[in-house]
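Inspection log for the structure reproduced underneath, given as structure tokens.
The structure displayed is predicted, hence computed values, not measured ones. Hydrogens, waters and symmetry mates play no part in the numbers below; they use all other heavy atoms, side chains included. Throughout, a chain's letter reflects where its sequence line sits, starting with A, and its residues are numbered from 1.
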There are 2 protein chains.
Amino acid sequence: MSPSTVSQYVNKRYHYMGEKTKKKVAEAIEELGFHPNTVARSLKQKKTLTIGVIISNILHRYSTVVSRSIEDYCYNYEYHTIICNADDNPEKEQKYVEMLLAKQIDGLIVVPTNHNRELYQSLKDRNIPVVFLDRYIEGLEIPTVVVDNQKITEQAINHWIEAGHRRISLITAPLKVSTRIERVEGYKQALRKAELPIEDTYLHHVKMKDVQDVCRQMLELEQPPTAILAASDLVLVELVKFIKQEHIQVPDELALMVFDEVHLAELHEPPITTINQPFYEMGQKAASLLMDMIDHKPVEDKKYEFEATINIRESSETKLLNKGVL
Amino acid sequence: MSPSTVSQYVNKRYHYMGEKTKKKVAEAIEELGFHPNTVARSLKQKKTLTIGVIISNILHRYSTVVSRSIEDYCYNYEYHTIICNADDNPEKEQKYVEMLLAKQIDGLIVVPTNHNRELYQSLKDRNIPVVFLDRYIEGLEIPTVVVDNQKITEQAINHWIEAGHRRISLITAPLKVSTRIERVEGYKQALRKAELPIEDTYLHHVKMKDVQDVCRQMLELEQPPTAILAASDLVLVELVKFIKQEHIQVPDELALMVFDEVHLAELHEPPITTINQPFYEMGQKAASLLMDMIDHKPVEDKKYEFEATINIRESSETKLLNKGVL
DNA sequence: TTGTAGGCGTTATCAG
DNA sequence: CTGATAACGCCTACAA
């Protein structure tokens, strides 16, 4: 009984193999507790049946959804995923990319930090199948699965403008990635179209540790905002801490909205309006695009845009305007 | 310039190598864009510098903490982690174990589903370094990092008994694992010591989708409970939904406590008392034990117990007893 | 100090 | 239908 015969058997290429041979092999495998070695197989076949996923920051709830979605998709295709958390750190991102490539992964899904253009370009040059998720990087010709952040933000702000709000704030993390920049753009666009002024005092892009500070600054303004849009669940956590501490009434004194559905929003008193991005579907799409690239099927290098929706709850529906402390 | 010279260089074994040789190698590497192939290296060295982590259910907040903790630890040791989510499904758990072994991981950290004894035993027999986390499996001689769930639950229930509560409820997921069984035991023990009756109507181990139902059942009792301990964040979510729906006043009508710190608890109105398990430290410990096993250092096959603590907040501090609707 | 040869476990190819 | 052989890319001896 030769290695190659066993190999045939293990890989179910035994159309013709003699019954007794099959049986003998099966018995031997059982008896010796033989388990094929994926590493050797990968070396020979130059395929690992594994993809890498680099998440920007696992603390965001949506990261969990995305990684879960991709894993689910791969599970059905007998592909495996290695999930890495770059922690919003370009160096860590680079290290992980190199590690994953050294491990000969067949493809890569990245929520890019946006500070590694050369790295991204080199992936492209090396012909590594790559799909970006959530964030678009200008001029790189890499398929990217995103939401139209500008549009949905404009809609959200419009909702408030139509309800009579005139002093609307947006708080986001630092503007390092397209997602946040587009949200700011949508915010400005909505104000512009309504011919409202764009006040620096209402528009903040700060680190999480500074969110409560800018809230306090706004609270002390002569004309504090009557509504705040939090650009992520992490911003919301800080915002809610502040609101509780200051005993601010939502929505009467201050209206709220937040990007991404989290339990904290749904179960807050009052429930908080959320902007929902279909991250599960987006993860599936990214995985499916990547599989196509790996199989050398043609894939367009473009933005694959998904629709976000606003789930209106009590927190954004101010009843009596111009009565707020903020 | 031969492969071995390059290998020496890449592995930094160039104490004696001639300066010009070093330079030549470095240049060649740069020019050809050479990247060592981990797969081939692993095959030769029979070491992948990778460990597998199997999480029971990624929906629990603590799973995120644990996987993050292990990843952090490994990052410093140049080890990589492959994280798998068994979804509380023993079959999935088994499939992942086999996959990870086929990938020749050097060790395994598992939050076991407890329905794969044979599998666990076979790992032991095959001499695969394994560490269990959060859940203890009787009679397997595998190092296990846990919290003393019985003790901390007893303390928590005692806190309420001392405050005058007489009708205390515990809601947990089905009793498939040691963690939950121990919590029930601690609950019973506290009641027994206080010579209070153990009522089936107050003690529930049900699936998440049934949590609201048992809450409703309890609400309709002649003597509804005055306090409920939720045995996980997932139970809490269901419980809070119910409480909001029924407009139950916490803590005046019903006192609350929950296992595991989550934003929902901290930021709930009123803030919810949490039982905090040091999962980050536990993850670090599990990783460090595993590394020791991989390095063939002696590791005791025992329970490594960590202390949980109770973070008392408003939700558990009923002011006026025996006034509740529950 | 550098180069050569053999082997890690698997599979593809081709001869028996 | 089955088995021998080479090769995947790297590393370790050992030889030069």
Side-chain angles (χ1 to χ4, degrees), chain A residues 1-50 52 78-80 98-107 126-128 294-296, chain B residues 1-50 52 78-80 82 98-107 126-128 294-295:
Chain A
M1 198 162 48
S2 78
S4 42
T5 309
V6 177
S7 174
Q8 317 263 45
Y9 179 87
V10 168
N11 291 290
K12 311 199 196 269
R13 310 188 124 267
Y14 39 37
H15 331 287
Y16 31 72
M17 202 174 281
E19 274 307 323
K20 52 191 173 183
T21 317
K22 270 204 266 189
K23 204 167 173 182
K24 227 167 54 180
V25 175
E27 278 168 5
I29 286 178
E30 178 65 24
E31 197 172 321
L32 302 173
F34 173 81
H35 296 270
N37 179 327
T38 310
V39 175
R41 173 181 291 164
S42 298
L43 178 60
K44 178 66 185 170
Q45 301 197 146
K46 306 188 155 202
K47 275 214 126 205
T48 53
L49 297 181
T50 301
E78 307 252 315
Y79 257 78
H80 300 135
E98 277 159 13
M99 177 277 266
L100 291 167
L101 292 182
K103 276 191 185 300
Q104 313 297 116
I105 44 103
D106 297 338
R126 289 217 258 157
N127 265 317
I128 316 283
I294 291 173
D295 294 343
H296 300 102
Chain B
M1 197 165 47
S2 80
S4 51
T5 312
V6 178
S7 176
Q8 316 262 46
Y9 179 85
V10 168
N11 293 290
K12 311 196 195 273
R13 306 187 131 271
Y14 40 37
H15 332 288
Y16 31 74
M17 200 175 286
E19 272 308 322
K20 51 190 173 183
T21 317
K22 269 204 265 189
K23 206 168 174 183
K24 227 169 53 180
V25 175
E27 279 168 5
I29 285 178
E30 177 66 24
E31 197 172 320
L32 302 172
F34 173 81
H35 298 270
N37 179 328
T38 309
V39 175
R41 174 183 290 162
S42 298
L43 179 60
K44 173 69 184 172
Q45 303 197 146
K46 304 186 159 207
K47 275 211 129 208
T48 52
L49 297 182
T50 302
E78 307 252 316
Y79 257 78
H80 301 133
I82 300 184
E98 279 160 12
M99 177 276 268
L100 291 167
L101 293 181
K103 277 191 185 300
Q104 313 297 115
I105 44 104
D106 297 338
R126 288 216 257 159
N127 265 318
I128 316 284
I294 291 173
D295 294 343

- Which is true for B:Phe34 with a 4.0 Å heavy-atom rule: it touches a base, it touches only sugar-phosphate, or it touches nothing? sugar-phosphate

- Query: For atom NZ of B:Lys24, is the number of surrounding heavy atoms from other residues, nucleotides or ligands below 6.0 Å larger than 12?
  - Reply: no

- Given side chains that start at C-beta, do those of A:Thr48 and A:Lys103 come closer than 4.5 Å, heavy atoms only? no

- Note on the structure: On DNA chain C, more 5' by nearest nucleotide between A:Pro3 and B:Lys22 is B:Lys22

- Query: Side chains of B:Gln104 and B:Ser42: closer than 4.5 Å at any heavy-atom pair?
  - Reply: no

- Query: So do B:Val10 and B:Ile29 actually touch side chain to side chain, heavy atoms under 4.5 Å?
  - Reply: yes

- Item | Base D:dA4 to side chain A:Ser4, donor-acceptor N/O within 3.5 Å cut-off | yes

- Query: Within the pair B:Thr5 and C:dG3, is there a side-chain N or O less than 4.0 Å away from OP1 or OP2?
  - Reply: yes

- Query: Rounding to a whole Å, what distance do you find between A:Lys24:NZ and D:dT2:C1'?
  - Reply: 10 Å

- In whole angstroms, the gap separating P of C:dT4 from CD of B:Gln8 amounts to 14 Å

- Query: In terms of heavy-atom contacts, does NZ of B:Lys23 have more than 12 from other residues, nucleotides or ligands at under 6.0 Å?
  - Reply: no

- Note on the structure: Atom NZ of A:Lys103 and atom P of D:dC8 are separated, to the nearest Å, by 22 Å

- Query: Does some side-chain heavy atom of B:Arg126 sit less than 4.5 Å from a side-chain heavy atom of B:Leu101?
  - Reply: yes

- Strand contacts (DNA chain C) in residues 35-49 of chain B, 4.0 angstrom heavy-atom criterion: B:Leu43, B:Lys44, B:Lys46

- What integer distance in Å separates A:Tyr9:OH from C:dG9:P? 22 Å

